[in-house]
Amino acid sequence: DAGITQSPRHKVTETGTPVTLRCHQTENHRYMYWYRQDPGHGLRLIHYSYGVKDTDKGEVSDGYSVSRSKTEDFLLTLESATSSQTSVYFCAISEGQYQPQHFGDGTRLSIL
Amino acid sequence: DQQVKQNSPSLSVQEGRISILNCDYTNSMFDYFLWYKKYPAEGPTFLISISSIKDKNEDGRFTVFLNKSAKHLSLHIVPSQPGDSAVYFCAASAGDYKLSFGAGTTVTVRA
């Protein structure tokens, strides 16, 4: 299994609070991704990173920000959480173009 | 607008028989296609991929077929086993490192 650790695995918080999810990899892969999974939508890309301090927006980036200060860590922040951001969040890593992405086990986030 | 579509939300198959999962896409720039398997409370696991220069790729019990003219791909699992019961996602990339996923098909293998 790819060395990907997501933390926390579960979190319940209130609307309006800030939330940060962490993804840590031990594979030294250049590319890292954040997805959310919702019923009927599969996985949708939020943000991705193609190197330290290099990030770009995905399909559903509104309300989210990311940071990558080290190769191994990719943080996803919800500055002011809303109930529509209740979801399961997955981190993924890949070596490059035309290489499969490998996923962590997810963070289940509930915003009340 | 979803660019990758899995029109069958569920599939039930008897153990030992073939499972066929289908996926359609609309973006003609997609040139790399993947299938993932997902168990509850776990992340998706990569199964098999195919590039647009090929029309078939096999890996053990899993075979992926690509029909570029129809913008269609399928995953065949032969023979189906109880451990194959999971959600299967089709995904595609236009060579830009990003993946677009279908909504998934839940496969149930009956004993």
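Letters go in sequence order (proteins before strands), and every chain restarts at 1. None of the values given here were measured: they were computed from a predicted structure.
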Flag yes if [X] and [Y] sit in one hydrophobic cluster, no otherwise; membership is Ile, Leu, Val, Met, Phe, Trp, Tyr, and two members link when side-chain heavy atoms are under 4.5 Å apart.
{"X": "B:Val13", "Y": "B:Leu75", "answer": "yes"}
{"X": "B:Phe89", "Y": "B:Trp35", "answer": "no"}
{"X": "B:Tyr32", "Y": "B:Leu21", "answer": "no"}
{"X": "B:Val107", "Y": "B:Val87", "answer": "no"}
{"X": "A:Tyr98", "Y": "A:Tyr31", "answer": "yes"}

Quick one: which of A:Gln99, A:Arg108, A:Gln6 has the most heavy-atom pairs under 4.5 Å with chain B, could you say?
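If we count pairs closer than 4.5 Å to chain B, A:Gln99 comes out on top.
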Supply the atom-to-atom distance A:Gln101 CD to B:Ser49 OG, rounded to the nearest 0.5 angstrom.
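Answer for the CD-OG pair, A:Gln101 versus B:Ser49, is 12.0 Å.
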Of all the residues in residues 81-90 of chain A, which have a heavy atom that comes within less than 4.5 Å of a heavy atom in chain B?
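So far as heavy atoms go, A:Phe90 are the residues that approach chain B to under 4.5 Å.
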Checking an interface table here. Which of residues 32-66 of chain A come within a heavy-atom distance under 4.5 Å of chain B?
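So far as heavy atoms go, A:Tyr33, A:Tyr35, A:Gln37, A:Gly40, A:His41, A:Gly42, A:Leu43, A:Leu45, A:Tyr48 are the residues that approach chain B to under 4.5 Å.
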Under 3.5 Å donor-acceptor, A:Asp105 side chain and B:Glu42 backbone:
no
Under 3.5 Å, is there a donor-acceptor pair between the side chain of A:Gln97 and the main chain of B:Gly95?
yes
Take atom [atom1] of [X] as the centre, draw a 6.0 Å sphere, and report whether it contains more than 12 heavy atoms from other residues, nucleotides or ligands.
{"X": "A:Leu112", "atom1": "CG", "value": "yes"}
{"X": "B:Lys5", "atom1": "NZ", "value": "no"}
{"X": "B:Arg17", "atom1": "CZ", "value": "no"}

Pick one of side chain, backbone, both or neither for [X], based on which atoms fall under 4.5 Å of a heavy atom in chain A.
{"X": "B:Tyr97", "answer": "both"}
{"X": "B:Ala91", "answer": "neither"}
{"X": "B:Leu34", "answer": "side chain"}

Please work out which of the three classes, parallel, tilted or perpendicular, describes the rings of B:Tyr36 and A:Phe103, given edges at 30° and 60°.
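Correct class here is perpendicular.
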Going by side-chain hydrogen bond (donor to acceptor under 3.5 Å, both in side chains), name the pairs with one or both residues in residues 8-17 of chain A, residues two or more places apart or in two chains.
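For residues 8-17 of chain A, and leaving out neighbouring residues, the side-chain hydrogen bond (donor to acceptor under 3.5 Å, both in side chains) pairs sorted by first residue read A:Thr13-A:Thr17.
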Restricting to pairs with a member in residues 50-75 of chain B, which pass ring-ring contact (aromatic ring centres under 6.0 Å, His included), not counting sequence neighbours?
B:Phe65-B:His76
